[in-house]
Amino acid sequence: MSQQSWYQLETEALLEAHGLDPERGLSESEAKRRLEEAGPNELSEGARLSPLTLFLNQFKDFMVLVLMGATLISGLLGEYLDAVTILAIIVINGVLGFIQEFRAERSLRALKELSAPTAKTLRDGEWVVVPAKELVPGDIVALESGDRVPADVRFLEANSVYAEESALTGESVPVSKSAAAIPEDDVPLGDQRNMGFLGTMITMGTARGVVVRTGMRTEMGKIADLINNTEEAETPLQRRLEQFGKILIGVALVLTVLVVVAGIMHGQPMYGMFLAGVSLAVAAIPEGLPAIVTVALALGVQRMIKRKAIVRKLPSVETLGCASVICSDKTGTLTQNKMTVTRLWVGGRLLDVSGEGYEPAGDIVERGAKTGVKDDQALRRLLQVGVLCNDADLVQEEAEPQGKKKRSKEPAKPIWSIKGDPTEGALTVLGAKAGMTRASLAGLYRRISEYPFDSERKRMSVVVEHQGGRLVCAKGAPDVLIERCSYILWDGKLVPFTSTLKQKVMEANEAFAGDALRVLGLAYRDLKPNETADSAEEAERGLVFAGLTGMIDPPRKEVREAIQKCRKAGIKTVMITGDHLTTAEAIAGQLGMLPKGGRTVTGMQLAAMSDQQLLKVVDDIYVYARVSPEHKLRIVKALQERGHVVAMTGDGVNDAPAIKAADIGIAMGISGTDVSKEASALILSDDNFATIVAAIEEGRGIYENIRKFIRYLLASNVGEILVMFIAMMLGMPLPLLPIMILWVNLVTDGLPAMALGVDQPERDLMEHKPRGRSENIFARRLGWKIISRGFLIGVCTLIPFWLVLQQGDDAATLTHAQTVAFATLVMAQLIHVFDCRSSRSIFHRNLFENKALVLAVVSSIVLMLGVLYVEPLQPIFKTMALGLTDWILVLVFAAIPTLFFGIGSLISAPKKKRTIRYDGGARSAA
Ligand code: ATP
């Protein structure tokens with residue numbers, strides 16, 4: 001373009017520069033062409049690890065390097081078979097590690113894609129939603145409060161728009177925007193009031209604009225390198241495990257040195273002991289643990305996606321399992337957000353509306369008789385205001401194809417749906433039922449300005465031009481709206497809105513709300529010719545009250561059950577809604593959310609409470625009604641101070657602070673604004689409360705699975721170290737050869753541990769209180785289980801070894817004994833792995849439920865049998881074929897560690913009903 005900057009151009013010049021028709025936008029083909037030319041509207045990302053680097057990284061691990069050193073030494077000493085085998089094990093280990101990490105990285109990337117931003121743009125005369133990265137210069141985009149600006153945009157139209165641009169300008173207060181050209185040169189970014197910049201947020205109002213720059217050419221792109229976009233990818237548990245791993249390395253090394261020294265002192269050959277030491281160290285250190293944790297988390301996250309919950313921050317997977325309170329919006333989350341007006345109140349008259357859903361078919365009925373709007377001026381006014389002060393369109397979708405099985409002869413029923421806000425959609429449908437469509441009114445009434453709805457104002461108004469005059473149409477929460485009304489239509493006449501009449505309106509409002517209806521008031525006013533209405537305050541005063549509409553918004557079917565599940569799981573559920581108290585109470589009652597003695601509070605009462613007062617009662621409150629978003633933050637803080645781990649939903653731009661402050665901030669995938677999504681840790685792709693509960697269930701399950709394989713891996717390691725340690729201390733020969741230890745580490749430990757990562761949850765997963773946030777991973781006797789089972793595995797491996805050793809003192813007996821020890825260790829671990837699935841014992845779960853585990857165990861057994869019975873492998877692993885008596889010995893001792901505790905639990909179970917010890921979920925309120 002010419003010398004001039006985009007902000008300096010008048011609208012015509014702007015449109016001309018882009019060859020644009022403002023009513024049609026770009027054509028799809030032109031957009032495609034421009035996309036090829038300009039490239040995707042994305043900020044380039046930092047370098048990503050190539051698969052090769054990822055693979056090579058596997059060999060940087062300290063223990064792998066030690067192992068490679070050992071290989072080299074074996075090679076130099078002429079032990080080629082050892083060297084080659086160890087090398088093969090290193091490579092297989094590396095490949096497995098690579099697969100795990102690659103998978104984890106890929107699923108994390110897929111996750112990012114899922115929450116990628118979209119934009120509403122005009123193409124070929126139709127508003128469509130496209131991925132923001134497909135926007136091109138010249139696209140006309142629509143923006144509203146809560147949207148992230150998807151590219152650099154020059155506004156064509158801006159209604160009460162404010163944008164938060166701190167990311168770009170450092171200015172933390174939102175700045176107002178307009179569409180007027182700015183003639184000056186060199187205007188700093190912060191003063192370019194007719195521009196919206198990529199990555200900034202619209203905090204108020206609605207706007208339309210032309211995309212002028214995309215991707216790296218945007219203002220944000222220019223400083224893209226400076227922005228730190230890295231999300232915290234490591235969870236607290238992963239960090240703690242990493243620290244714990246370091247301690248383990250220390251302990252394992254000390255024990256290894258002790259084993260080696262003891263062995264040498266008892267006359268074992270140096271080289272053999274060196275190799276045994278290195279192998280033992282490699283086996284004892286659960287170097288695969290962090291990768292398995294990541295895989296378990298990533299797989300859990302994928303399962304959550306299937307259940308419609310998108311995790312934006314990995315650490316929240318862990319926090320989910322600790323959630324002790326869920327604070328949820330009502331509309332759309334607990335309810336279906338499918339509004340239908342069923343009752344009207346017009347100047348003291350009560351009317352019913354028939355019809356279902358969004359289909360514009362139904363009647364308005366007064367005292368049993370159908371009534372029309374033709375001769376009913378008051379009713380007509382009410383409906384008209386509802387249609388004019390409205391941005392929702394009724395659309396008729398193509399009928400769904402009939403099911404294959406049932407081929408009906410009747411013509412398919414059209415499917416009606418709403419484009420826009422469902423509350424407004426209900427009014428559109430109401431108008432349509434009386435023959436008043438938005439299209440038919442649009443020709444007669446031209447909108448000249450708009451004061452948009454937001455949860456703070458709880459109302460909306462528009463100014464329209466009609467036959468030379470101007471009319472204000474307003475709608476909103478009745479209690480808010482009547483404050484701004486001076487007159488009311490009563491018996492077809494305009495009369496002053498006295499307090500008695502206001503009282504009547506509020507009584508009708510209460511009656512509607514008591515039936516769980518969502519109530520909206522409607523009002524209007526003719527503007528005098530010289531009167532200005534340049535602000536919401538000016539427009540929304542001295543209004544004429546036209547009446548009330550009551551709409552049903554049925555609760556979601558699955559929510560009641562989800563709330564019951566929460567109760568069993570020790571999770572409190574709280575409704576926080578902008579809706580009227582009576583409506584909120586009625587819905588809470590239907591959903592079983594309001595227990596006996598549970599309190600309900602309005603935003604006004606809440607505002608009158610001090611923080612101290614709130615703290616005292618917050619545990620008893622189950623419903624907050626008519627609250628503003630800013631109240632949510634107070635509620636979160638009070639609950640957190642009471643020791644709760646809080647999950648909080650929100651959709652609007654003003655909900656973001658509360659979502660951020662909550663332990664688990666939850667945004668709505670369908671109705672949520674970009675601002676709320678970006679502040680959130682979890683997005684519900686179906687906006688459904690039940691999805692939160694599903695995510696919590698998954699969160700708990702993932703954590704328990706991590707505990708399961710930590711238990712398995714560490715108990716196995718304890719067993720491996722102990723068998724070697726005790727043998728060396730007692731001056732016995734090596735019970736396990738280095739190669740056997742490496743094999744056990746790779747096969748017996750690795751595969752089943754991974755299968756435990758995808759284990760099914762225990763049946764009572766949602767029947768105990770949430771775990772405390774600071775609970776140690778080894779809490780609830782896990783540490784004891786690891787040590788006790790590990791100890792028994794070690795001892796039970798050593799005894800058969802010793803028994804066989806008694807049969808002679810030649811090399812063949814030693815090989816025989818070592819083979820028996822090897823088989824016992826492997827079998828003991830493979831039996832113990834089933835025990836790890838239960839917090840009680842092996843007898844409490846179906847052994848064959850986890851197919852992956854059964855497969856892992858079977859393959860481990862087959863591989864072990866291969867090592868024992870395939871003749872070419874015998875010299876490599878220094879094993880021999882075992883006979884029946886050997887197997888009896890092996891299996892008896894392998895079963896003892898698990899059976900001992902399992903039978904113990906069976907004996908003690910009937911006497912004492914198991915009580916699950918959790919530390920309560922809530923932190924103490926000290
Ligand atoms: P929740 O917070 O549970 O989602 P909500 O949708 O009722 O509940 P808000 O969106 O803050 O909360 O709405 C508050 C009130 O504002 C509603 O009870 C209604 O009376 C009024 N209202 C809702 N939508 C509109 C709208 N589009 N125009 C005018 N008033 C509205």
Side-chain angles (χ1 to χ4, degrees), residues 144-146 206 326-339 341 385-392 418 420-428 450-462 473-484 505-506 509 512-513 516-523 536 540 543 548-553 555-556 559 573-588 591 593 602-603 623-632 635 648-655 658-659 666-668 670-673 676 684 687-689:
E144 60 179 19
S145 154
T206 54
I326 309 174
C327 296
S328 170
D329 285 336
K330 170 179 73 71
T331 311
T333 314
L334 295 168
T335 66
Q336 298 179 10
N337 212 1
K338 288 207 178 102
M339 315 261 182
V341 177
V385 172
V387 175
L388 288 173
C389 182
N390 195 324
D391 290 309
I418 289 297
D421 175 14
T423 304
E424 296 189 348
L427 297 175
T428 309
E450 170 192 342
Y451 302 103
F453 169 80
D454 74 48
S455 302
E456 206 83 47
R457 285 171 19 91
K458 297 190 169 50
R459 60 183 187 276
M460 155 186 184
S461 60
V462 296
C473 294
K475 70 180 193 306
D479 35 335
V480 175
L481 201 66
I482 60 172
E483 295 298 311
R484 286 161 182 79
V505 173
M506 289 322 287
N509 180 21
F512 279 11
L517 296 183
R518 178 176 176 83
V519 197
L520 224 57
L522 298 151
E540 296 164 352
L543 297 168
L548 297 172
T549 59
M551 37 189 98
I552 49 163
D553 177 18
R556 287 178 182 268
V559 167
T573 48
V574 178
M575 177 193 286
I576 302 183
T577 175
D579 214 340
H580 191 271
L581 179 66
T582 317
T583 312
E585 280 177 347
I587 300 266
L591 290 172
M593 272 183 101
T602 64
V623 173
Y624 295 85
R626 271 288 184 262
V627 288
S628 299
E630 86 236 16
H631 293 136
K632 286 188 169 180
I635 300 170
M648 164 76 86
T649 71
D651 44 15
V653 54
N654 300 331
D655 290 334
I659 296 183
I666 304 170
M668 302 298 139
I670 305 169
S671 64
T673 54
S676 62
L684 309 178
D687 289 13
N688 190 344
F689 175 87

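Ligands are counted one by one from 1 in listed order, and the atoms in each one are counted from 1 as well.
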Q: Determine whether any heavy atom of Val519 lies closer than 4.0 Å to an atom of ligand 1.
A: yes
(Q) Looking at Lys338, I want to see if its NZ is surrounded by more than 12 non-hydrogen atoms of other residues, nucleotides or ligands under 6.0 Å. (A) no
Q: Give the residue, atom name and distance (to 0.1 Å) of the protein heavy atom nearest atom 28 (N) of ligand 1.
A: Lys475 NZ, 3.2 Å
Q: State which residues pass salt bridge (charged side-chain N to carboxylate O under 4.0 Å, His left out) with Asp329; sequence neighbours excluded, sorted by chain then number.
A: Lys632
Q. So do the side chains of Val574 and Tyr624 get within less than 4.5 Å of each other, counting heavy atoms only?
A. yes
Q) Given the rule in the side-chain contact (heavy atoms from CB on, under 4.5 Å) test, do Val341 and Leu427 qualify, once you have shown the distances and angles that lead to the verdict? A) CA-CA 7 Å; Val341 177; Leu427 297 175; 4.3 Å; yes
Q: Report yes if the side chains of Met668 and Ile670 come closer than 4.5 Å at any heavy-atom pair, otherwise no.
A: no
Q) Thinking salt bridges, do Lys330 and Asp579 make one under a 4.0 Å N-O criterion? A) yes
(Q) If I compare all heavy atoms of Leu481 with all of Leu522, which pair ends up nearest, and what's the gap? (A) CD2-N, 3.6 Å
Q) Which atoms of ligand 1 have any heavy atom of Asp579 under 4.0 Å away? A) 7 (O), 18 (O)
Q) For ligand 1, which atoms have a heavy atom of Glu424 less than 4.0 angstrom away? A) 27 (N)
Q. Hey, is Asp421 touching ligand 1 through its side chain, its backbone, both or neither, going by heavy atoms under 4.0 Å?
A. side chain
Q. Is there a nitrogen or oxygen of Asp651 sitting under 3.5 Å from a nitrogen or oxygen of ligand 1?
A. no
Q) Is there a nitrogen or oxygen of Gly578 sitting under 3.5 Å from a nitrogen or oxygen of ligand 1? A) yes
Q) Which residue holds the protein heavy atom closest to atom 7 (O) of ligand 1, what is that atom called, and what is the gap in Å? A) Arg518 NH1, 2.6 Å
Q. Which of these, Gly386, Pro452, Ala477, has its nearest heavy atom closest to atom 20 (O) of ligand 1?
A. Ala477
**Q.** ligand 1 contact on Arg626 by region, counting heavy-atom pairs under 4.0 Å
**A.** side chain
Q | Contact with ligand 1 for Gly332, non-hydrogen, under 4.0 angstrom | A | no
Q) Between the side chains of Asn337 and Thr331, is a donor N or O closer than 3.5 angstrom to an acceptor N or O? A) no
Q.
For the 3.5 Å polar cut-off, considering only N or O atoms, please tell me whether His580 and ligand 1 meet it.
A. no
Q.
Within the 4.0 Å heavy-atom shell around Asp329, which atoms of ligand 1 are there?
A. 2 (O), 3 (O), 4 (O)
**Q.** For atom 19 (C) of ligand 1, the protein heavy atom that lies nearest, with its residue and separation
**A.** Leu520 CD1, 3.4 Å
**Q.** Per-atom contacts of ligand 1 with Lys330, taking only distances under 4.0 Å to non-hydrogen atoms
**A.** 1 (P), 3 (O)
Q) Does the side chain of Ser461 come under 3.5 Å of the side chain of Glu540 through a donor N or O and an acceptor N or O? A) yes
Q | Protein contact of atom 13 (O) of ligand 1 - nearest heavy atom, named by residue and atom, plus distance | A | Phe453 CZ, 3.6 Å
(Q) Could you check whether any side-chain N or O of Arg459 sits under 3.5 Å from a backbone N or O of Pro478, counting only pairs where one atom can act as donor and the other as acceptor? (A) no
Q: Would you mind checking which non-hydrogen protein atom is closest to atom 5 (P) of ligand 1, with the distance to 0.1 Å?
A: Thr331 OG1, 3.4 Å
(Q) Would you say Asn390 and Thr428 are linked by a side-chain donor-acceptor pair, where the criterion is simply a distance under 3.5 Å? (A) yes
